[in-house]
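Report on one structure; see the data block that follows.
Hydrogens, waters and symmetry mates play no part in the numbers below; they use all other heavy atoms, side chains included. A quick note: this is a predicted structure, and the numbers were derived from the prediction, not measured.
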Amino acid sequence: MTTVALITLAWTLEIICGWPNWLYKRIRHPVVWFGSLVSVAERALNRKTWAHQTRYIAGMISTVSLVGVATIMAWGIAKLLPQNWWGVAIEVLIASSLIASRSLYTHVAAVAKPLMSNDLEKARNAVSMIVGRDPTQLDEAGIARASLESLAENTSDGVTAPLFWGALFGLPGLVAYKAINTLDSMTGHRNDRYAAFGGFAARLDDVANFIPARVTGALIALTSLKPTAFKTMFDDASKHRSPNAGWPEAAMADGLSVRLSGPRSYDDQITTDPWLNSDGRDPDANDIEAGLKLYRRSLALTYCALALLALSLAL
């Protein structure tokens with residue numbers, strides 16, 4: 001079986017089942033397991049008394065080691081599993097756990113529902129599950145904006161990038177990417193604790209997401225059916241603090257005729273980030289629903305392309 005066919009089957013399973021709650025309650029999730037290792041390494045090697053450069057090197061060694069171990073384990077599993085139906089089923093099951101299209105939809109939809117009912121407290125609580133900014137400071141537009149930004153960025157991080165690296169290198173490629181992304185999520189923050197230790201992981205994640213972010217932006221722009229979406233994406237992507245997140249976010253902003261990014265509150269500090277699609281209006285709950293529709297269309301196009309590629313390689 002080709003790596004593209006494997007990833008297509010894994011994504012199909014993830015779309016249908018996701019990672020069931022009953023399974024999560026019993027064994028948690030592979031990302032949670034890996035996150036525990038990251039926490040142990042960070043507590044052991046990220047010493048406040050060390051110089052910035054020393055902490056950076058410690059973080060780099062930790063990142064390379066953890067990603068390497070995870071990748072080698074995935075390679076070993078792929079090699080040791082028998083090439084029969086149940087061996088393929090196990091590999092597909094493992095791979096499906098590392099794609100997040102269903103859970104991303106569920107988390108963003110959980111924000112839209114209370115916001116449509118003007119229940120800001122429930123909406124703030126729901127949005128706090130998917131963003132790092134202070135939800136207590138968010139009004140309706142702020143909640144909607146945070147949800148759409150998370151939807152756009154995580155379409156790349158949680159769906160396109162795992163599919164891309166999995167299609168190229170199979171289970172080891174998928175696991176390596178997920179390890180890098182988890183390290184960045186946990187340690188790639190620009191604050192006193194993580195700026196040095198997580199610096200290498202953040203840069204490695206930027207490299208890993210370089211192509212997927214731009215592909216995601218193009219897919220969102222294409223399925224928005226708005227010719228201006230591509231222009232806005234190319235004009236505004238570089239305004240974002242991230243070298244990658246601006247691509248899908250700018251495409252989403254123009255696709256929905258709203259403005260995204262802009263000033264926001266992190267750790268009691270107000271950032272001065274510029275707007276993406278600055279001529280757009282402030283989003284509301286209806287725009288989250290529209291964003292989810294755009295998300296479904298872009299994923300449908302991605303799925304068709306991936307399935308056709310898998311079929312062509314099998315012939």
Side-chain angles (χ1 to χ4, degrees), residues 28-76 98 100 128-134 149-150 153-154 156-158 161-162 164-165 168-169 171-214 237-247 249 261 263-274:
R28 308 295 281 178
H29 189 276
V31 172
V32 176
W33 308 340
F34 185 76
S36 298
L37 294 177
V38 175
S39 295
V40 170
E42 192 271 332
R43 287 194 299 268
L45 297 173
N46 189 18
R47 305 292 180 86
K48 290 183 179 180
T49 55
W50 290 353
H52 181 97
Q53 186 175 11
T54 303
R55 293 170 74 183
Y56 184 91
I57 293 172
M60 179 174 64
I61 293 171
S62 175
T63 296
V64 172
S65 300
L66 289 169
V67 172
V69 168
T71 305
I72 291 170
M73 287 181 64
W75 178 85
L98 303 177
S128 71
M129 305 298 291
I130 56 175
V131 299
R133 71 197 67 171
D134 182 5
E149 289 167 6
S150 180
E153 181 178 2
N154 286 299
S156 176
D157 291 3
F164 176 80
W165 291 109
L168 281 180
F169 301 112
L171 185 62
L174 175 55
V175 168
Y177 169 76
K178 205 64 181 180
I180 293 168
N181 189 243
T182 302
L183 278 156
D184 175 61
S185 297
M186 295 182 66
T187 67
H189 306 295
R190 302 178 185 181
N191 56 31
D192 291 340
R193 178 173 178 177
Y194 294 115
F197 184 82
F200 180 80
R203 300 292 80 74
L204 189 60
D205 185 74
D206 289 343
V207 173
N209 280 296
F210 185 87
I211 295 174
R214 286 149 181 80
S238 61
K239 297 177 182 178
H240 201 282
R241 62 166 59 189
S242 164
N244 295 319
W247 292 82
E249 287 187 25
S261 193
R264 76 278 306 277
S265 174
Y266 284 111
D267 299 325
D268 297 324
Q269 294 183 349
I270 303 297
T271 71
T272 56
D273 295 14

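Residues Phe200 and Leu183 form no side-chain contact, since every pair of their non-hydrogen atoms from C-beta on lies 4.5 Å or further apart. Side chains of Glu42 and Ser62 form no contact here, defined as non-hydrogen atoms less than 4.5 Å apart. Proximity of Pro30 to Leu98: side-chain heavy atoms (C-beta onward) are separated by under 4.5 Å at one or more points.
One distance of note links OG of Ser242 with CD of Glu249; it measures 8.0 Å at 0.5 Å rounding. We find the CG-CD1 distance between Asn154 and Ile130 to be 8.0 Å, quoted to the nearest 0.5 Å. Here the CG-CZ distance, from Leu66 to Phe34, works out to 4.5 Å after rounding to the nearest 0.5 Å. Atom CZ of Arg203 sits about 13.0 Å away from atom CD1 of Ile180, to the nearest 0.5 Å. Summarising the geometry, atom OG1 belonging to Thr187 is positioned 7.0 Å from atom NE2 belonging to His189; distances are rounded to the nearest 0.5 Å. Note: Ile72 CD1 to Trp75 CH2 = 9.0 Å, rounded to the nearest 0.5 Å.
Across all non-hydrogen atoms, the minimal contact from Lys178 to Gly158 is NZ-CA, 4.4 Å. Summarising the geometry of Ala41 relative to Phe197, their closest heavy-atom pair is O-CZ, 4.2 Å, with the distance given to 0.1 Å. Taking both residues in full, the closest heavy atoms of Pro274 and Lys239 are given as CG-O, 3.4 Å, listed atom of the first, atom of the second, then distance. Considering every non-hydrogen atom in both Arg193 and Asn46, the closest pair reads O-ND2, 2.8 Å. In terms of heavy atoms, Gly35 sits closest to Met186 at O-CE, 3.3 Å. Shortest non-hydrogen contact noted between Glu153 and Ala245 is CD-CB, 3.8 Å.
Side-chain N or O atoms of Asp205 include none that pairs as donor or acceptor with a backbone N or O of Asp184 at under 3.5 Å.
The salt bridge (charged side-chain N to carboxylate O under 4.0 Å, His left out) analysis of residues 48-71, with sequence neighbours excluded, yields no pairs.
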Please lay out, stage by stage, how Thr54 and Arg47 fare under the test side chain to side chain contact (heavy atoms under 4.5 Å, CB included).
CA-CA 9 Å; Thr54 303; Arg47 305 292 180 86; over 6 Å; no
Does the side chain to side chain contact (heavy atoms under 4.5 Å, CB included) test come out yes or no for Arg241 and Asp273, once each step is laid out?
CA-CA 7 Å; Arg241 62 166 59 189; Asp273 295 14; 3.2 Å; yes
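By the 6.0 Å contact criterion, CH2 on Trp50 is enclosed, its count of non-hydrogen atoms from other residues, nucleotides or ligands being greater than 12.
Considering Trp247, Tyr177, Trp165 in turn, Tyr177 is the only one that fulfils the side chain to side chain donor-acceptor pair (under 3.5 Å) rule with Asn209.
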